Amino acid sequence: MVGVGEVCGWSCLVWEVDSRSVVNGKKKNISGDRAGGRLEDSGVTRRRRRGLLGWYRKHFRALPWRVEPGRGRAPGSRKQHPNPYHVLVSEAMLQQTQVATVIDYFKRFVDEFSTIQALADADEQGVLRAWQGLGYYRRARNLHAAARRIVEDHAGQIPDSVDALLSLPGVGRYTAGAITSIAYGQRVPVVDGNVARVLARWHGISEAVDTTPVIKKLWQLAGHHVPKSRPGDFNQAVMELGALVCRPGVPDCGACPVARDCHAHQTGQASALPVLTKKAAPKKVTHHTLAVRHGRRYLFVQRPEKGLWSKMWELPTAERLAGRPGGDQLCAWADRQLGLRIDSPRRVSGFTHQTTHRRIDFVIWTATAKSSMNTKGEWRALGRLNDLPLAKPQTRAIAAIQADEITD
DNA sequence: AAGACGGGGTA
DNA sequence: TACCCAGTCTT
C-alpha cells in the first residue's frame with residue numbers, strides 16, 4: 001500500500017489541494033510526503049465509521065450470502081463471517097449486476113453447486129446454464145475455472161490472501177478485497193461503483209472518477225477509511241449506503257448518517273457528483289436468426305470461445321447480412337455457413353435487443369431443412385432445451401418460433 | 001487508455 | 001433515452 005500522509009486531520013481543503021494535483025494527469029505524489037499520517041486518528045474518520053456502522057446495523061438488507069452485521073462477536077457464538085465460497089459466488093454474480101437481480105440466481109446456484117468441489121466437478125455447460133439470463137457469461141466460465149484451480153492448487157480452500165485471489169480468473173482487485181475483508185476479516189479496502197460514488201461525495205472529488213489517477217486515489221482513500229475492526233461490515237456498509245441512500249442522481253442526504261461529514265452535501269454538490277466520462281452510444285446492427293426445422297426438431301449451434309455470448313447456444317444466426325436480405329440470401333447463407341439445404345425461409349417476427357455496446361434488431365426466420373445432415377450443432381425439439389445455455393434474445397426467438405408453430 | 005462484455009432497474 | 005449497476009480482461 002502506498003503511503004498516504006496528507007490525509008491526517010482530514011479536511012475538505014486537503015482534498016481540494018490533492019485533486020488539483022491529480023487533474024493534470026501526472027502521477028505525482030498525490031498523497032503528499034508526510035509519512036505516518038493515519039486517517040484513523042482523524043475525528044472525522046472515526047465519526048464516519050461510527051455513523052456508518054450504526055446505520056448499517058439498522059438498515060442492512062438480509063441477503064442470502066450475508067451474515068447479520070456484528071453478529072457472533074460475543075463469546076461462544078459462531079459464524080462471524082459468511083461462507084467464503086458463498087462470498088466468492090455472490091461477488092462474481094454481483095459484478096456489474098444489481099443485488100435484486102442476483103438474489104434468486106445465487107440461491108439456485110449454491111443449491112445446485114453447494115461447495116467449491118461440486119462446482120469444480122460440474123461441466124462448463126451446466127454452469128453456464130445456471131448463469132443463463134444473468135449476462136456477462138464470461139464470469140460463469142471464470143468462476144468455474146477458478147473453482148477447479150482452488151481445488152487443484154489450494155486443497156479446496158478459498159484463498160485468504162489478496163495475491164492468491166488475484167491470480168484466479170475473474171477475480172480482480174474489488175473481488176479480492178471483498179473476499180478477504182468479508183469472509184476473512186482482513187483490513188482490505190474495496191472500491192466498486194457505490195464506494196466510488198460515496199467517496200467522491202464525501203471528499204468533493206470533482207474530477208472524473210473513472211480515470212486511472214483518480215481510481216488510484218479512491219483506493220487509497222478507501223484503504224484509510226476501512227477499520228481494523230469489522231472491515232467486512234464497514235465495506236458492506238459503504239456499499240449499502242451507496243445503494244440505498246447515497247444513490248446516483250439525487251441522493252437522500254436527509255437519511256444519511258454521515259451527511260455532516262460529507263463535503264458534497266455541505267457544499268450543495270451531492271447531486272452533481274460523481275462525474276463520469278461519457279460512453280460511446282451502442283452500435284446499431286441487425287442479426288438474422290434462422291430456425292431450421294427438420295421434423296419436430298430445430299438446429300442449435302454453439303457460439304465461439306470469444307466475443308458476445310461466447311459458448312452459449314443459439315439458433316443459427318447471421319450477423320452480417322447486408323441490407324434487407326430476402327429468402328434467397330438466407331438460403332445461400334445456410335448453404336455456406338451451415339452446409340445445409342433449406343426450403344423457402346419465411347420471416348416470422350422480430351424484436352430489438354439492447355446490450356451495452358449494441359442495439360440489435362433481431363429478425364427471426366423459419367425454414368425447413370431438406371435433410372438433417374450436419375456435422376456441427378444439435379437437433380432439438382423446442383421442449384427439450386433444458387441443458388442448453390441460451391442468452392436472452394435466443395429465448396425470445398424460441399418463444400416466437402413456438403408461437404408460430406401453434407398458429408401454424 | 002479505451003473497449004468489450006449482458007441484462008435489467010430507474011428516472 | 002440515458003445512466004448505472006457490489007468489475008474484469010483484452011487490446
Side-chain angles (χ1 to χ4, degrees), chain A residues 25 27 60-61 63 65-66 82 86-106 128 131-143 145-146 165-179 181-183 189-198 208-216 218-219 222 232 234-244 246-251 271 274-283 303 305-312 352-360 389-396:
Chain A
K27 255 202 342 188
F60 75 96
R61 292 171 288 186
L63 301 173
W65 53 86
R66 176 178 278 172
H86 289 182
V87 177
L88 173 64
V89 171
S90 63
E91 293 300 343
M93 290 186 169
L94 286 163
Q95 290 166 12
Q96 294 292 286
T97 308
Q98 296 190 344
V99 166
T101 306
V102 165
I103 292 173
D104 287 337
Y105 280 92
F106 174 84
L128 279 173
W131 210 271
Q132 170 172 317
L134 198 52
Y136 282 151
Y137 300 99
R138 183 73 68 86
R139 295 181 293 174
R141 295 165 56 200
N142 283 337
L143 178 60
L165 287 163
L166 286 176
S167 76
L168 298 171
V171 177
R173 197 172 177 187
Y174 164 78
T175 303
I179 292 171
S181 65
I182 296 170
V190 297
V191 175
D192 71 334
N194 291 306
V195 177
R197 184 168 56 255
V198 170
V209 296
D210 52 2
T211 62
T212 301
V214 177
I215 290 169
K216 180 179 155 112
L218 291 171
W219 278 94
F234 177 84
N235 285 338
Q236 292 181 87
V238 181
M239 294 190 279
E240 198 80 329
L241 186 79
L244 301 180
C246 196
R247 295 172 305 221
V250 183
S271 60
V275 175
L276 292 168
T277 60
K278 184 95 172 153
K279 284 163 191 103
K283 184 183 294 186
R303 293 180 64 89
E305 185 92 21
K306 298 194 167 194
L308 191 65
W309 300 310
S310 53
K311 305 208 66 173
M312 303 293 278
T352 298
H353 179 83
Q354 178 109 19
T355 75
T356 303
H357 292 89
R358 293 180 183 81
R359 181 187 160 84
I360 308 173
L390 300 161
K392 207 67 182 179
Q394 287 301 315
T395 64
R396 288 186 72 175

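Nothing here was measured: the structure is a model prediction, and the numbers come from that model. Sequence lines set the chain letters: A, B, ... in the order given, protein chains first and strands last, and positions in each chain run from 1.
- Atom pair A/Leu94:CG and C/dG7:C1' shows a separation of 11 Å (rounding to whole Å applied).
- For B/dG6 and C/dT11, the P atoms lie 15 Å apart once the distance is rounded to whole Å.
- In this structure the side chain of A/Met312 reaches within 4.5 angstrom of the side chain of A/Pro389, judged on heavy atoms.
- In terms of heavy atoms, A/Pro82 sits closest to A/Ile182 at CD-O, 3.4 Å.
- Comparing C/dA6 with B/dG3, their P atoms are spaced 24 Å from each other, to the whole Å.
- A/Leu63 comes within contact range of at least one nucleobase, with a heavy-atom separation under 4.0 Å.
- In this structure, the NZ atom of A/Lys306 is 14 Å from the P atom of B/dG6, given to the nearest Å.
- A donor-acceptor contact under 3.5 Å links the side chain of A/Arg66 to the base of C/dA6.
- Using a 3.5 Å distance cut-off with no hydrogens or angles, the side chains of A/Asn142 and A/Arg139 do not pair a donor with an acceptor.
- Using a 4.0 Å heavy-atom distance criterion, A/Gly170 is classed as a sugar-phosphate-only contact.
- Annotation: side chain of A/Arg173 is not in contact with side chain of A/Val191 (no heavy-atom distance under 4.5 Å).
- Looking only at side-chain heavy atoms (C-beta outward), A/Lys279 and A/Thr356 stay at 4.5 Å or farther from each other.
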Each nucleotide N or O in nucleotides 7-11 of chain B that has a protein N or O under 3.5 Å away: list the pair and distance.
residue : atom : partner  : partner atom : Å
B/dG7   : OP1  : A/Tyr137 : OH           : 2.8
B/dG7   : OP1  : A/Lys392 : N            : 2.9
B/dG7   : OP2  : A/Trp309 : NE1          : 3.0
B/dG7   : OP2  : A/His353 : NE2          : 2.7
B/dG8   : OP1  : A/Lys392 : NZ           : 3.0
B/dG9   : O4'  : A/Gln98  : OE1          : 3.3

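- Between the CG atom of A/Asn142 and the P atom of C/dC9 there is a distance of 6 Å, given to the nearest Å.
- The interatomic distance linking A/Lys279 (NZ) with C/dC5 (C1') rounds to 10 Å, in whole Å.
- When the nearest nucleotides of DNA chain C are assigned to A/Glu91 and A/Ala281 by heavy-atom distance, the more 5′-ward of the two goes with A/Ala281.
- Backbone-only contact: A/Thr175 has heavy atoms under 4.0 Å from sugar-phosphate atoms and none from a base.
- Closest approach to the A/Leu308 side chain among C/dG7, B/dG6, C/dC4 is made by B/dG6 (side chain taken as heavy atoms from C-beta onward).
- Side chains of A/Lys392 and A/His353 form a contact here, defined as non-hydrogen atoms less than 4.5 Å apart.
- Atom P of C/dC9 sits at a distance of 24 Å from the matching atom of B/dG8, rounded to the whole Å.
- Atom CZ in A/Arg61 sits about 11 Å away from atom C1' in C/dC5, given to the nearest Å.
- If you check every strand for non-hydrogen atoms under 4.0 Å, A/Val171 touches sugar and phosphate atoms only.
- Distance, A/Arg173 CZ to C/dT8 P: 11 Å, rounded to whole Å.
- Per the geometry, CD1 belonging to A/Ile215 stands 11 Å off P belonging to B/dA2, to the nearest Å.
- Closest approach of A/Ala391 and A/Trp309 over heavy atoms only: CB-CD1, 3.3 Å.
- Not one side-chain nitrogen or oxygen of A/Arg138 sits closer than 4.0 Å to the OP1 or OP2 atom of B/dG6.
- If you measure from atom CG of A/Leu165 to atom C1' of C/dG7, you get 15 Å, rounded to the nearest angstrom.
- Side-chain N/O atoms of A/His357 include none lying less than 4.0 angstrom from OP1 or OP2 on B/dC5.
- If you check every strand for non-hydrogen atoms under 4.0 Å, A/Arg141 touches nothing.
- Of the candidate nucleotides C/dG7, C/dA6, C/dC9, C/dA6 has the atom lying nearest to any side-chain atom of A/Trp65.
- Checking A/Gln95 against A/Tyr174 by side-chain atom types alone, no donor-acceptor pair falls below 3.5 Å.
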